[in-house]
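Just so you know, residue 1 is the first one in the sequence shown, and it goes up from there.
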Amino acid sequence: MTFASTTTALTLFHRRTPLSFPKTRSPQRNSVIAFSSFSNQIVSKLSIQNEELQVQTRMWNWKGYFIRYQYSGNNGPALVLVHGFGANSDHWRKNIPDLAKSHRVYSIDLIGYGYSDKPNPRLIGDDSFYTFHTWAKQLNEFCLDVVKDKAFFICNSIGGVVGLQAAIVEPEICQGIVLLNISLRMLHITKQPWYGRPFISSFQRLLRDTAVGKFFFKAVATKESVKNILCQCYHDTSKVTDELVQIILSPGLEPGAAEVFLEFICYSGGPLPEELLPQVKCPVLIAWGDKDPWEPIEMGRNYGNFDSVKDFIVLPNVGHCPQDEAPQLVNPLVESFVARHANSSSLTPSVD
């Protein structure tokens, strides 16, 4: 998901006009870590068609950082579920059980989010650490090291930009991509009018380089604020439960979360979906909740004109996070898309 309401000051100069485009270190072995703070999430047993499947949570050591992921299912094509800004792998809790009946399903916490490590880029000497290039590399190396197979990327919001970037960098890994309300990246510097760019840059520096940013984050990282934000982006607000609020909020209270939050809302460069879609070689399905107030469907419809996009599906009366708000619509779409585009050529699958 995208916490757009928390960056209101950065959106003053948005021009909401419809988009128009022509048609046109080595991976390490994964390791198991025991958790005490959320041990109740480690294994949840699911009774599915008289078979007992497990949704397991593990940690993968990537470049010396611990990355949390969940997985379930023993057969079928591999799916990797990629969350959006401020979210984590638990945002797919309504999808993993159903999809695992006929797929090997993995849900990953991107570095900086969820219960993955949150290194401070200033302390590691890399001010451009939290970028789509970093997350794309993480996603591809996860497929090589953990999934050990080609995979379909199922992505929400900014996770869609991550999936597209990963598919371009390592096209032999990705078999197809499902984009759920992909981020339009309206805060991108190129989408701002020239007269607004100095203001935005100054405001970003204020957030990142002064105590104002930490104060801003503290105001956002509360149950009340998270619930209000979620109620903006979910059309059916009955789906904004206490459980969901806690899923989003809890990792945001961990050390390092504030720095990651501020780094990303100050990240106004990098790739745009309209730049990536023409370069993707694998099939793409775009599904869009038509009640998304942050990524309006009218501004994204033309993404369906790119040759890589095989389907553009409108999800009626659904907001920004269709996988959680309307899993009964999303799960069959994913299953149908994968069934159409899966093939027999793959690496040798193995789950340690």
Asker: Which distance, rounded to the nearest 0.5 Å, do you find between the CD of E325 and the OG of S238?
Answerer: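 So the gap between those two atoms works out to 8.0 Å.
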Asker: Which pair of heavy atoms, one from I177 and one from C282, lies closest together, and at what distance?
Answerer: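 Residues I177 and C282, closest heavy atoms: CG1-SG, 3.8 Å.
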Asker: Where is the tightest heavy-atom contact between L315 and A287, given as atom of each residue plus distance?
Answerer: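 Scanning both residues completely, I find the closest heavy atoms to be CD1-CB, 4.0 Å.
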Asker: Working note: L99 + E335, criterion side-chain contact (heavy atoms from CB on, under 4.5 Å); need CA distance, chi angles, decisive distance, verdict.
Answerer: CA-CA 7 Å; L99 296 176; E335 291 170 346; 3.8 Å; yes
Asker: If only atom types and distance count, is the side chain of H83 paired as donor or acceptor with the main-chain N or O of L110 below 3.5 Å?
Answerer: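 Side chain of H83 to backbone of L110, a donor-acceptor pair under 3.5 Å: yes, one is there.
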Asker: Please find the pair of heavy atoms, one from P119 and one from Y130, that lie closest to each other, and give the distance.
Answerer: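 Looks like O-OH, 2.6 Å.
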Asker: Could you check whether the rings of F337 and H341 sit parallel, tilted or perpendicular, using 30° and 60° as the cut-offs?
Answerer: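 Geometry flag for H341 against F337: tilted rings.
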Asker: Could you state the interatomic distance from CD1 (I96) to CG (L81), rounded to the nearest 0.5 Å?
Answerer: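 One finds 6.0 Å between CD1 of I96 and CG of L81.
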Asker: State, with a plain yes or no, whether a side-chain heavy atom of P322 is found less than 4.5 Å away from one of N156.
Answerer: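 Heavy-atom side-chain distance check passes, below 4.5 Å.
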Asker: Kindly determine whether W62 and E141 satisfy side-chain hydrogen bond (donor to acceptor under 3.5 Å, both in side chains), including the steps that lead there.
Answerer: CA-CA 8 Å; W62 180 60; E141 293 190 3; 2.7 Å; yes
Asker: Any chance you could lay out the side-chain contact (heavy atoms from CB on, under 4.5 Å) test for D149 and R104, step after step, and finish with the verdict?
Answerer: CA-CA 10 Å; D149 202 353; R104 291 169 289 131; 2.6 Å; yes
Asker: Are any non-hydrogen side-chain atoms of Q138 and I108 less than 4.5 angstrom apart?
Answerer: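 Yes - at least one pair of side-chain heavy atoms lies under 4.5 Å apart.
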Asker: Tell me yes or no: between the side chains of Q70 and D90, is some donor less than 3.5 Å from an acceptor?
Answerer: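 The criterion, which ignores hydrogens and geometry beyond distance, is satisfied for D90 and Q70.
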Asker: If you look at every heavy atom in L272 and L184, which pair is closest and at what distance?
Answerer: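 L272 and L184 have their closest heavy atoms at CD2-O, 4.4 Å.
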Asker: Calculate, to the nearest 0.5 Å, the distance between atoms OH and CG belonging to Y113 and N88 respectively.
Answerer: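 The CG atom of N88 is 11.5 Å from OH of Y113, to the nearest 0.5 Å.
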Asker: Taking the side chain as every heavy atom from C-beta outward, state whether F153 and C143 have any pair of such atoms under 4.5 Å apart.
Answerer: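 In short, these two side chains touch, coming nearer than 4.5 Å.
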Asker: For the backbone of P327 and the side chain of N95, can you confirm whether one donor and one acceptor N or O come within less than 3.5 Å of each other?
Answerer: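 The answer is no, because no donor-acceptor pair under 3.5 Å joins these two groups.
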Asker: Between the main-chain N or O of L277 and the side-chain N or O of S308, is there a donor-acceptor pair closer than 3.5 Å?
Answerer: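 Yes; judged by distance alone, with no hydrogens or angles, the pair exists.
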Asker: Counting C-beta onward and ignoring hydrogens, is there a side-chain heavy-atom pair between K118 and P255 closer than 4.5 Å?
Answerer: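 No, too far: nothing below the 4.5 Å cut-off.
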Asker: Under the 3.5 angstrom rule, does the side chain of K94 hit a backbone N or O of D324 as a donor-acceptor pair?
Answerer: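 Indeed, once roles are kept as given, a pair shorter than 3.5 Å links the two residues.
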Asker: What is the minimum heavy-atom distance between P283 and K310, and which atoms define it?
Answerer: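 It is CB-CG, 3.8 Å.
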Asker: Test your reading of the model: is there a side-chain donor-acceptor pair from Q165 to the backbone of A136, 3.5 Å cut-off?
Answerer: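 Checked: no pair found.
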Asker: Given side chains that start at C-beta, do those of D292 and I297 come closer than 4.5 Å, heavy atoms only?
Answerer: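 Of all side-chain heavy-atom pairs linking I297 with D292, none is under 4.5 Å.
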Asker: Set out, in order, the CA-CA distance, both residues' side-chain angles and the distance that settles side-chain contact (heavy atoms from CB on, under 4.5 Å) for L285 and R340, then state yes or no.
Answerer: CA-CA 11 Å; L285 180 148; R340 278 188 288 147; 4.2 Å; yes
Asker: Is the backbone N or O of Q232 less than 3.5 Å from a side-chain atom of W294, with the two atoms forming a donor-acceptor pair by type?
Answerer: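 Pair absent, no side-chain N/O of W294 close to backbone of Q232.
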Asker: Examine W135 and L144 and state if one hydrophobic cluster contains both, with Ile, Leu, Val, Met, Phe, Trp and Tyr joined whenever side-chain heavy atoms are less than 4.5 Å apart.
Answerer: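 Per the 4.5 Å side-chain linkage, W135 and L144 are co-clustered.
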Asker: Following the transitive rule for hydrophobic clusters with a side-chain heavy-atom cut-off under 4.5 Å over Ile, Leu, Val, Met, Phe, Trp and Tyr, establish whether V169 and V82 coincide in one cluster.
Answerer: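 Different hydrophobic clusters.
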Asker: Any chance CG of D236 has more than 12 other-residue heavy atoms, nucleotides or ligands included, within less than 6.0 Å?
Answerer: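 Counting neighbours around CG of D236, more than 12 heavy atoms of other residues, nucleotides or ligands fall under 6.0 Å, so yes.
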Asker: Rounded to the nearest 0.5 Å, what separates atom OG1 in T237 from atom NZ in K227?
Answerer: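 Between T237 OG1 and K227 NZ, I get 8.5 Å after rounding to 0.5 Å.
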Asker: Within a strict 4.5 Å, meaning less than it, do heavy atoms of the H235 and V318 side chains meet?
Answerer: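 No. Closest side-chain heavy atoms not under 4.5 Å.
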Asker: Does atom NZ of K239 have more than 12 heavy-atom neighbours from other groups under 6.0 Å away?
Answerer: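 Counting neighbours around NZ of K239, more than 12 heavy atoms of other residues, nucleotides or ligands fall under 6.0 Å, so yes.
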Asker: Is F132 close to I158 at the side-chain level, that is, under 4.5 Å between some pair of heavy atoms?
Answerer: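 They are in side-chain contact.
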Asker: Verify, without hydrogens or angle tests, whether N181 (side chain) and G289 (backbone) share a donor-acceptor contact under 3.5 angstrom.
Answerer: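 Yes, because the side chain of N181 sits within donor-acceptor range (under 3.5 Å) of the backbone of G289.
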Asker: For the pair D117 (side chain) and F66 (backbone), establish whether a donor and an acceptor sit closer than 3.5 Å, ignoring hydrogens and angles.
Answerer: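 Flag set: sc D117 to bb F66 pair under 3.5 Å.
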Asker: Let me confirm one number: the CG-CG distance from L244 to L249, rounded to the nearest 0.5 Å.
Answerer: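 Taking CG in L244 and CG in L249, the distance rounds to 11.0 Å.
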Asker: Can a donor-acceptor pair be found, under 3.5 Å and without considering hydrogens, that links the side chain of S89 to the backbone of Y69?
Answerer: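 No; judged by distance alone, with no hydrogens or angles, the pair does not exist.
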Asker: Closer than 3.5 angstrom, by distance alone: can the side chain of D109 be matched with the main-chain N or O of Y115 as a donor-acceptor pair?
Answerer: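 Present.
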Asker: Determine whether V161 and E275 make a side-chain contact, defined as any pair of heavy atoms from C-beta on separated by less than 4.5 Å.
Answerer: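 No; the side chains remain at least 4.5 Å from each other.
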Asker: V147 vs V80, test: side-chain contact (heavy atoms from CB on, under 4.5 Å). Steps then yes/no.
Answerer: CA-CA 9 Å; V147 180; V80 181; 4.1 Å; yes
Asker: Under the rule for side chain to side chain donor-acceptor pair (under 3.5 Å), what residues qualify as partners of Q246, not counting sequence neighbours?
Answerer: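 Q246 satisfies side chain to side chain donor-acceptor pair (under 3.5 Å) with S250 only.
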Asker: For A219 and S225, work out which heavy atoms get closest and say how close.
Answerer: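 Heavy-atom minimum between the residues: O-OG, 2.8 Å.
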Asker: Could you give the distance from CG (N228) to NZ (K223), rounded to the nearest 0.5 Å?
Answerer: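 It is 14.0 Å, given to the nearest 0.5 Å.
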Asker: Do the rings of Y303 and W288 sit parallel, tilted or perpendicular, given the 30° and 60° boundaries?
Answerer: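 The arrangement is tilted - the two ring planes meet at 30° to 60°.
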